[in-house]
Amino acid sequence: MPHIDFLRVHKTYKSGLFKKPVQAVTGLTVSIARGEVFGLVGPNGAGKSTTIRMLLNLIRPDHGEIRVNGAATGPRSFLRDVGYLPENPYLYDHLTLRELLLFAGTTSGLRRYQSVERIRTLPQKIGIGYALDKPLRTFSKGMRQRAGLCFALLHDPSLIILDEPMSGLDPLGRRMVCELILGLKEQGKTIFFCSHILSDVERLCDRIAILDKGRLVRSFTDLEMAVFRKGESDLEQAFVEIVSGGGGQ
Ligand SMILES: Nc1ncnc2c1ncn2[C@@H]1O[C@H](COP(=O)(O)OP(=O)(O)OP(=O)(O)O)[C@@H](O)[C@H]1O
C-alpha cells in the first residue's frame, strides 16, 4: 500500500498564442498516508486535477518532487497498482462495457480468466452489470461514470485516485460510491479523491486539504475532522470562510 509525498510541487501552464503563464499549483507540500482516504477540495480552477495529473505522471511538475513509497512516480510498474477515474472518463464508444473491461484487464496485466472473474462481480456491485453488453456510445452520463469506476477498479489497485467520482450520479449512485469508497478503505486501500460535494468528503475522508488558486491553504487535523463528523462544525461553512475570506493557515 502506497504512501505519497508531494514536496514543494509547482506547475505552470503556458497556453495560447502568447504562451501566457497560468500558475496552476504553487509550492504544494502534503503527504498521504497508507490506507488513508484523503480529500482534496477547492473552488473551480484551484489546481486539483492538475495535482492528480502530476501524481499520475501524465504531466510533470516544473519544480518539486512527487514520491510514492519514497520513489519517483515515473516507472510503469507504479501505474499497474493505481486505479484512476478522470473527471470526464474517456471511453471507447464502439466497444461494449465488457470489451472495455477485458481491454482494461489486459493493459493492467491481468490474465484473461482474472478479468472474466472480476467482470462477473464488479459491474454488478457498481450498478452497471445490466449494461455489460451494450455499446458505450449508448451510455448516459451516470452510466459512463459507473463504467469509468469499473475501469479504474478492475485490477484491484491499492492506490485509487478519483476525480469527482459523484459527478453525474443520481442519489442512489452517490450512495453507492460512498459505500464503495468505505468498502475500499476497509480493505486498506489508499484513496485520493476530489469532489465539490463537501458533505460526502466530510463523511468519507480521514483527512481533507483545501487548495485555492494553486496553494494549499488549509488542512484539517484529526480533531477537527472528528468535530465535522459529530456535526458540531460544518466543512461547507469552513470552506466558504477560507476561500472567500482568506481564513487559511
Ligand atoms: N492544459 C491546460 N492548459 C492551460 N491551463 C490549464 C490547463 N489545465 C488547467 N489549466 C489551468 O490551471 C488552473 C487549474 O486547473 P485545474 O483543472 O487543475 O483545476 P481544478 O481545481 O481541477 O478545477 P475544477 O474544480 O473546475 O475541475 C486553472 O486556471 C486552469 O485554467
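Counting starts at 1 for both ligands and their atoms, in listed order.
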Atoms of ligand 1 less than 4.0 Å from [X] heavy atoms?
X: Ser15; result: 4 (C)
X: Glu87; result: 27 (O)
X: Ala46; result: 19 (O), 20 (P), 21 (O)

Minimum side-chain heavy-atom gap Glu164-Ser195 below 4.5 Å =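 Yes, at least one pair of side-chain atoms sits under 4.5 Å.
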
Would you indicate whether the side-chain heavy atoms of Ile52 and Tyr84 approach each other to under 4.5 Å?
-> yes

Does ligand 1 have any atom that is closer than 4.0 Å to a heavy atom of His196?
->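 Judged by the 4.0 Å heavy-atom criterion, His196 does count as contacting ligand 1.
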
Using non-hydrogen atoms of the residue, decide whether Gly47 is closer than 4.0 angstrom to ligand 1.
-> yes

Once the angle between the rings of [X] and [Y] is folded into 0 to 90°, is it parallel (under 30°), tilted (30 to 60°) or perpendicular (over 60°)?
X: Phe103; Y: Tyr92; answer: perpendicular
X: His10; Y: His63; answer: perpendicular
X: Phe192; Y: Phe38; answer: tilted

Short question: side chain of Glu241, backbone of Ala238 - any donor-acceptor pair under 3.5 Å?
-> no

Flag, side chain of Lys48 to backbone of Val41, donor-acceptor distance under 3.5 Å |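 Between the backbone of Val41 and the side chain of Lys48 there is no qualifying donor-acceptor contact (under 3.5 Å).
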
Note the single closest protein heavy atom to [atom], along with its residue, its atom name and the distance in Å.
atom: atom 21 (O) of ligand 1; result: Lys48 NZ, 2.8 Å
atom: atom 29 (O) of ligand 1; result: Val22 CG1, 3.6 Å
atom: atom 9 (C) of ligand 1; result: Tyr13 CE1, 3.4 Å
atom: atom 15 (O) of ligand 1; result: Thr50 OG1, 3.9 Å

Please classify the [X] to ligand 1 contact at 4.0 Å (heavy-atom distances, strictly less than): side chain, backbone, both or neither.
X: Glu164; answer: neither
X: Asn44; answer: both
X: Ser49; answer: both

Under 4.0 Å from atom 13 (C) of ligand 1, is there any protein heavy atom?
-> yes

Sub-4.0 Å protein heavy atom near atom 31 (O) of ligand 1 | no

Looking only at heavy atoms, which two atoms of Pro21 and Lys14 are closest? And how far apart?
->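 What the structure gives for the nearest pair is CA-CG, 4.2 Å.
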
Test: Arg67 and Asp5 ion pair at under 4.0 Å = no

Pair Asp156 + Lys189: basic N to acidic O under 4.0 Å | yes

Ligand 1 N/O within reach of Gly45 N/O, cut-off under 3.5 Å = yes

